[in-house]
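Worksheet for the structure shown next.
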Amino acid sequence: MSQRALFLDRDGVVNEEVGYLHRAEEVRFVPGIFSLCRTAIALGYRLIVVTNQAGIARGFYTEADFEILMDWMRRALHVEGITLDAVYHCPFHPEHGIGHYRREHEDRKPGTGMLRRGAREFNLSLADSIMIGDRCSDIAAANAAGLRQAFLITGTEASACTGTYLKIETLAEAERWLLSQG
Ligand SMILES: [Mg+2]
């Protein structure tokens, strides 16, 4: 039987957007993220973080720095009763990448590579899965992958995105939607 997932962009959804976050001291969790994740788990959703990491491409920090930060973040979430099923990241950038990081890649949102990888690895029905992002590229990826619902949390994008999505001011709104859908 196929499963469903809540795909979470990281920066601006799990943690507050600070621009090229790479140190645990700079992590501020977005209000409502713990409750949202616990509710999603209780409803049977897999939790998968899908994050573009252009900071790696640009040489601002390394893959190892990213993994260290994510280990810290996983532990911090675990204390709150939350286990992430997977964290996928895309370290490439087509213009600003250095060396082999300078390339287009299907994983880079709005590409759907990370969403399709989740579907393969967790036997997901993408048509029953959800995405929350703070950028139009998140919405475009969710739409292109055929997810059931995309949410855009406001504050990062200056104007509306193209595509199909629900705009939310807080993560509590997405949590209420999940609960209403069962
Ligand atoms: Mg983001």
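Treat the numbers as computed from the prediction; the structure is a model and nothing was measured.
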- Under 3.5 Å, side chain of Thr51 to main-chain N/O of Gln53, donor-acceptor pair present? no
- Item | Electrostatic pair Glu104-Arg108, nearest N-O below 4.0 angstrom | no
- Task: Measure from the side-chain N and O atoms of Arg10 to the backbone N and O of Val87, and report whether any donor-acceptor pair falls under 3.5 Å.
- Result: no
- Query: Can you tell me if NE2 on His96 sees more than 12 non-hydrogen neighbours from other groups inside 6.0 Å?
  - Reply: yes
- Message: With rounding to the nearest 0.5 angstrom, report the CG to CD distance, Leu43 to Gln181.
- Response: 10.5 Å
- Message: Contact between Ser129 and Leu115 at the side-chain level, heavy atoms closer than 4.5 Å - yes or no?
- Response: no
- Task: Tell me whether Val14 is reachable from Val30 by hopping between hydrophobic residues (I, L, V, M, F, W, Y) whose side-chain heavy atoms are closer than 4.5 Å.
- Result: yes
- Message: Run the side-chain contact (heavy atoms from CB on, under 4.5 Å) test on Leu171 and Ile153 for me, step by step, so that the C-alpha distance in whole Å, both residues' side-chain angles and the decisive distance to 0.1 Å come before the verdict.
- Response: CA-CA 7 Å; Leu171 291 176; Ile153 190 161; 3.9 Å; yes
- Message: Counting C-beta onward and ignoring hydrogens, is there a side-chain heavy-atom pair between Asp107 and Tyr88 closer than 4.5 Å?
- Response: no
- Looking at residues at least two apart in the chain, or sitting in another chain, which of them share a salt bridge (Lys or Arg N to Asp or Glu O under 4.0 Å) with Arg4? none
- Item | Any donor-acceptor pair under 3.5 Å from Lys109 side chain to Asp9 backbone | no
- Task: Please name all residues satisfying side chain to side chain contact (heavy atoms under 4.5 Å, CB included) with Ala76, sequence neighbours left out, ordered by chain then number.
- Result: Phe29, Trp72
- CD1 (Ile82) and CG (Leu36) are apart, to the nearest 0.5 Å, by 8.5 Å
- Query: Would you say the side-chain atoms of Asn52 pair up with the backbone N or O of Cys90, donor to acceptor, closer than 3.5 Å?
  - Reply: no
- Item | Nearest non-hydrogen partners of Cys161 and Leu152, listed with the distance | SG-CD2, 3.8 Å
- Query: When rounded to the nearest 0.5 angstrom, what is the spacing between CZ in Arg38 and CG in Leu77?
  - Reply: 10.0 Å
- Task: Enter the distance from Asn143:CG to Thr112:OG1 here, rounded to the nearest 0.5 Å.
- Result: 11.5 Å
- Task: Just jot down the side chain to side chain donor-acceptor pair (under 3.5 Å) partners of Tyr101, sequence neighbours excluded, or say none.
- Result: Glu63
- Item | Straight-line distance of Leu69 CG to Leu21 CG, nearest 0.5 Å | 5.0 Å
- Single-linkage hydrophobic cluster, 4.5 Å side-chain cutoff, Phe151 and Ile139 together: no
- Task: Take Leu126 and Phe7 through the test side-chain contact (heavy atoms from CB on, under 4.5 Å) and record every step on the way to the result.
- Result: CA-CA 10 Å; Leu126 290 176; Phe7 290 103; 3.8 Å; yes
- Side-chain contact test, heavy atoms from C-beta onward, threshold under 4.5 Å: evaluate it for Ile130 versus Trp177 and give yes or no. yes
- Look at the side-chain heavy atoms of Ile, Leu, Val, Met, Phe, Trp and Tyr, link any pair under 4.5 Å apart, and say whether Leu47 and Met131 land in one connected group. no
- Minimum heavy-atom separation for Ser2 to Ser125, with atom names? OG-CB, 3.5 Å
- Who are the ring-ring contact (aromatic ring centres under 6.0 Å, His included) partners of Tyr45, not counting sequence neighbours? none
- Note on the structure: For residues 158-181, the salt bridge (Lys or Arg N to Asp or Glu O under 4.0 Å) pairs (sequence neighbours left out) are none
- Phe60 ring center near His22 ring center (under 6.0 Å): no
- Task: Might you point out which heavy atoms bring Gly111 and Ala141 nearest each other, and give the distance in Å?
- Result: O-CB, 3.6 Å
- Query: Any Lys/Arg nitrogen of Arg135 or Glu17 sitting under 4.0 Å from an Asp/Glu carboxylate oxygen of the other?
  - Reply: yes
- Any donor-acceptor N/O pair, Glu106 side chain to Gly113 backbone, under 3.5 Å: no
- Task: Report yes or no: does Asp71 contribute a side-chain atom to a donor-acceptor pair with the main-chain N or O of Ile68 at less than 3.5 Å?
- Result: no
- Task: Evaluate the criterion side-chain contact (heavy atoms from CB on, under 4.5 Å) for residue pair His89 and Met70; output intermediate values, then yes/no.
- Result: CA-CA 11 Å; His89 75 283; Met70 289 316 301; over 6 Å; no
- Query: Which residues pass the side chain to side chain contact (heavy atoms under 4.5 Å, CB included) test with Glu95, sequence neighbours left out?
  - Reply: His93
- Item | Separation of Asp134 CG from Asp11 CG (nearest 0.5 Å) | 8.0 Å
- Message: Grouping I, L, V, M, F, W and Y whenever their side-chain heavy atoms are under 4.5 Å apart, do Leu84 and Val27 come out in a common cluster?
- Response: yes
- Message: If you compare all heavy atoms of Tyr20 against all heavy atoms of Ala54, which two are closest, and at what distance to 0.1 Å?
- Response: CE2-C, 4.2 Å
- Minimum heavy-atom distance between Leu178 and Ala40, given as atom pair plus value: CD1-CB, 4.1 Å
- Side chains of Glu80 and Ser35 in contact at under 4.5 Å (non-hydrogen atoms): no
- Message: According to a hydrophobic-cluster definition based on side-chain heavy atoms being under 4.5 Å apart (Ile, Leu, Val, Met, Phe, Trp, Tyr only), do Ile168 and Phe34 belong together?
- Response: yes
- Using 30° and 60° as the class limits, which term best fits the ring planes of His100 and Phe92: parallel, tilted or perpendicular? perpendicular
- Query: For Leu124 and Ile48, what are the C-alpha separation, side-chain angles and deciding distance, and is it a side-chain contact (heavy atoms from CB on, under 4.5 Å)?
  - Reply: CA-CA 11 Å; Leu124 301 176; Ile48 302 177; 4.0 Å; yes
